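Report on the following structure.
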Number of protein chains: 2
Amino acid sequence: MGKERVTVVDIARAAGVSKSTVSLVLQGSPLVNEATRAKVNAAIRELGYVYNRSAANLRQARSKIIGIVVNDLTNSFFAELAVGVDEVVQSAGFVQFLANTSEKLERQREVIASMREHGVSGLIISPARGTEVGDLAPLGAAGIPVVLVVRDIPGADVSSLISDNHAGAVAAVRHLVERGHRRVAFLGGFADTAVFEARMRGYRDALQEAGLDTSETLTIGSAPSRAGGVTAIEQAMMLKERPTAALCFNDAVAFGVCDGLRARRLEPGEDFAVIGFDDVIEAKTAVPALTTVSVDPQGMGERAAELLLKQINSGRVEPEAIVSPVRLAIRQSCGAAVGRRMKEISS
Amino acid sequence: MGKERVTVVDIARAAGVSKSTVSLVLQGSPLVNEATRAKVNAAIRELGYVYNRSAANLRQARSKIIGIVVNDLTNSFFAELAVGVDEVVQSAGFVQFLANTSEKLERQREVIASMREHGVSGLIISPARGTEVGDLAPLGAAGIPVVLVVRDIPGADVSSLISDNHAGAVAAVRHLVERGHRRVAFLGGFADTAVFEARMRGYRDALQEAGLDTSETLTIGSAPSRAGGVTAIEQAMMLKERPTAALCFNDAVAFGVCDGLRARRLEPGEDFAVIGFDDVIEAKTAVPALTTVSVDPQGMGERAAELLLKQINSGRVEPEAIVSPVRLAIRQSCGAAVGRRMKEISS
DNA sequence: CTTGAAATTTGGAACGATCTAAATTATCCG
DNA sequence: CGGATAATTTAGATCGTTCCAAATTTCAAG
């Protein structure tokens, strides 16, 4: 009744060769004769053999798994990132272990430990808020390559791939200033992340460069989500001197800001200029199409995966810190130059 | 120089016990004496031991991995579903293998094969379009429990958890009819899926029940995406007899429809009623908030995972086909009763 | 003390692949 | 045909854990 598992020995017997030869065939070795290869493959199909990776990993000491740890999978930025990683990882014959930490350090620790136990060959991590150098140290010590994405951890001795947040923010604000805006807000995001800091600094620098007010009143934090955007813009509109434009921490916030504006019967792109950050897929198709700093999450995932694979294959490499260039995708939500209506509401 | 891997034997030696005892401790067996357990745990910490799951799996013939295969991770419905699965799977001591097929059958086959090789204990699959019974048969034969989610595959001998698409569509259309709509469209989606068929049938049935026109002209297919929604509503507005309301295939389409309406200077919820399907997180915070058939993707993920775990633990169970109840979340986008403006544009 | 049962601990054989080094077979050339 | 070289194939050890059966220790009761 109970069917035994089919192993290399079984197919060796069936094909009339030794298990070593079967192993060679499984690995696609060029050493083996075409005729025997065919015989073996036939037997494999015949018996419905399923390769046992656990056994292989045991001997080889490292599996063909790469792990990816993200801090918030429900944010489509990270979902797209994961898709990008999966794409290249799969075609390199690896398989992806994906875990979501929901921004919880404890979960992140568990997840990374579990991946180590499974013998992952490398890890791509978008760290949860508050991750420290020490959380990654054991990986480095064990010789497991790590690529940090999106968020960097200062002092960590691993590679990182983050987008040029500062330059992106500068470009966005310059664009708004060129269009005549004088009161530009920075909306959304939590102040304790490196990403926030960089975008914020770019915003300030561009403002300063244009000789504009860089006081703190126009900077309003919130959760980096759509709902956060709604509350941020609400607060902004309570100010005595209202902004006429805003650079948002990310696209989710920007969408929320648009929602909030509409709730006040203001049309984003006409009555108020909105620029986002990240360029998630919906940015293009939204109405109005969202002007945003284009980061291409899927592309970032692909590049992170390539970087990681390079490190895995070349044994040991110096950690690289790559900043990924960024461009401003100008669409409708940043509107035309400041015109009648904007002047009107801003006064 | 080269540090050797630390194994049970090493910690056995360090703790002055046998490797069997260490193994017992590792598994949290109640057989072992408290004092020795402490000694062993100390040694484990001391030497920085990392459990080798490959070795364990080899012996035990099945790993604590559950696989989840989704057809489109960039769709936030599935991202949320995956998060729900991850949640319960992790707390049950399993770890999740997530793969995205991008709706490609070939990729799906590879991915499922790879998961088998890794010895997954069970699989949650949202199958790619065109998946056939034969694609799942080998899993059943190998005694690997499978739970299908979202899309069912008629004739497959596995459990499934799908939402009550028919009832949801009926409820949505009834609601629109009660509000006075007489020309209700069904927008978006591909006609060759079981999900489409069910929602569509619900739409028809409710229309018929109200004695309304069920001719095909008001049914307009499109890609089940935001962009698809835009094109679908454009087509709908070209009709000589325009609809005043629409049930959309899913929320992404519904958002696209809202976008398309705005592009024509029509305000969703005021000039035209829109109802979506799925209730993704953005539905609540969008403006106008989207009325939608609430499916709670994360909850579905959790339930699917629980169902799967039940099957894994209880050895062998009869496949169950669960249809998950659904409720209409009435928000702003379906507007008030047909009023002045709607009559105006619809004539 | 003995003794039997209960509580702990343990040696050694798996698990199913890979790898090394050596054996076998085929091929070539004068 | 002999010998050398190249091409294939193979035996057997090995990876790090779990599991079985048996051994040892502990303990309570007689």
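By convention in this document, chain letters (A, B, ...) are assigned in the order of the sequence lines, proteins followed by strands, and residues within each chain are numbered from 1. From a predicted model like this one, the values you see are computed outputs, not experimental measurements. Scope of the values below: all heavy atoms of this structure, side chains included, with no hydrogens, waters or symmetry mates.
When rounded to the nearest whole Å, the span between CG of A:L24 and C1' of D:dT10 equals 10 Å. We find that CZ of A:R59 is positioned 7 Å from P of D:dC15, with the value rounded to whole Å. B:D10 has its CG atom 9 Å from the P atom of D:dT17, to the nearest Å. Taking atom CD on A:Q60 and atom C1' on D:dT17, their separation rounds to 17 Å, with Å as the unit. Spacing between atom CD of B:E117 and atom C1' of C:dT18 amounts to 16 Å, rounded to whole angstrom units. As rounded to whole Å, 3 Å separates atom P of D:dT17 from atom OH of B:Y49. Going from atom CZ of B:R116 over to atom C1' of C:dG16 covers 16 Å, rounded to whole Å. The CG atom of A:N57 sits 10 Å away from the C1' atom of C:dA17 (whole-angstrom rounding).
Closest approach to the B:N52 side chain among C:dG16, D:dT10, D:dT17 is made by D:dT17 (side chain taken as heavy atoms from C-beta onward). Taking every side-chain heavy atom of A:N33 into account, D:dT8 is the closest of D:dG16, C:dT9, D:dT8. Nearest nucleotide to the B:S20 side chain, out of C:dT9, C:dG11, C:dA17: C:dG11.
No hydrogens or angles considered: nothing links the side chains of A:S91 and A:E87 as a donor-acceptor pair under 3.5 Å.
Between A:S18 and B:K19, the residue anchored closer to the 5' end of DNA chain D is A:S18, taking for each the nucleotide with the nearest heavy atom.
Within the 4.0 angstrom heavy-atom criterion, base atoms lie near A:T21. Using a 4.0 Å heavy-atom distance criterion, B:S23 is classed as a base contact. Across all strands, A:T36 comes closer than 4.0 Å only to sugar-phosphate atoms, never to a base (heavy-atom distances). Within the nucleic acid shown, A:V9 has no heavy atom closer than 4.0 Å to any nucleic acid atom. Contacts of B:V22 with the nucleic acid, taken as non-hydrogen atoms under 4.0 Å apart, are absent.
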- B:R107 and B:S102: side-chain hydrogen bond (donor to acceptor under 3.5 Å, both in side chains), yes or no, with the steps? CA-CA 8 Å; B:R107 179 58 145 277; B:S102 303; over 6 Å; no
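Atom CD of A:E46 is surrounded by 12 or fewer heavy atoms from other residues, nucleotides or ligands within 6.0 Å. Heavy atoms from other residues, nucleotides or ligands lying under 6.0 Å from CD of A:E132 number 12 at most.
For B:Q27 and D:dT17, the shortest distance from a side-chain N or O to OP1 or OP2 is not below 4.0 Å.
Here the CD-CG distance, from B:E80 to A:L73, works out to 9.5 Å after rounding to the nearest 0.5 Å.
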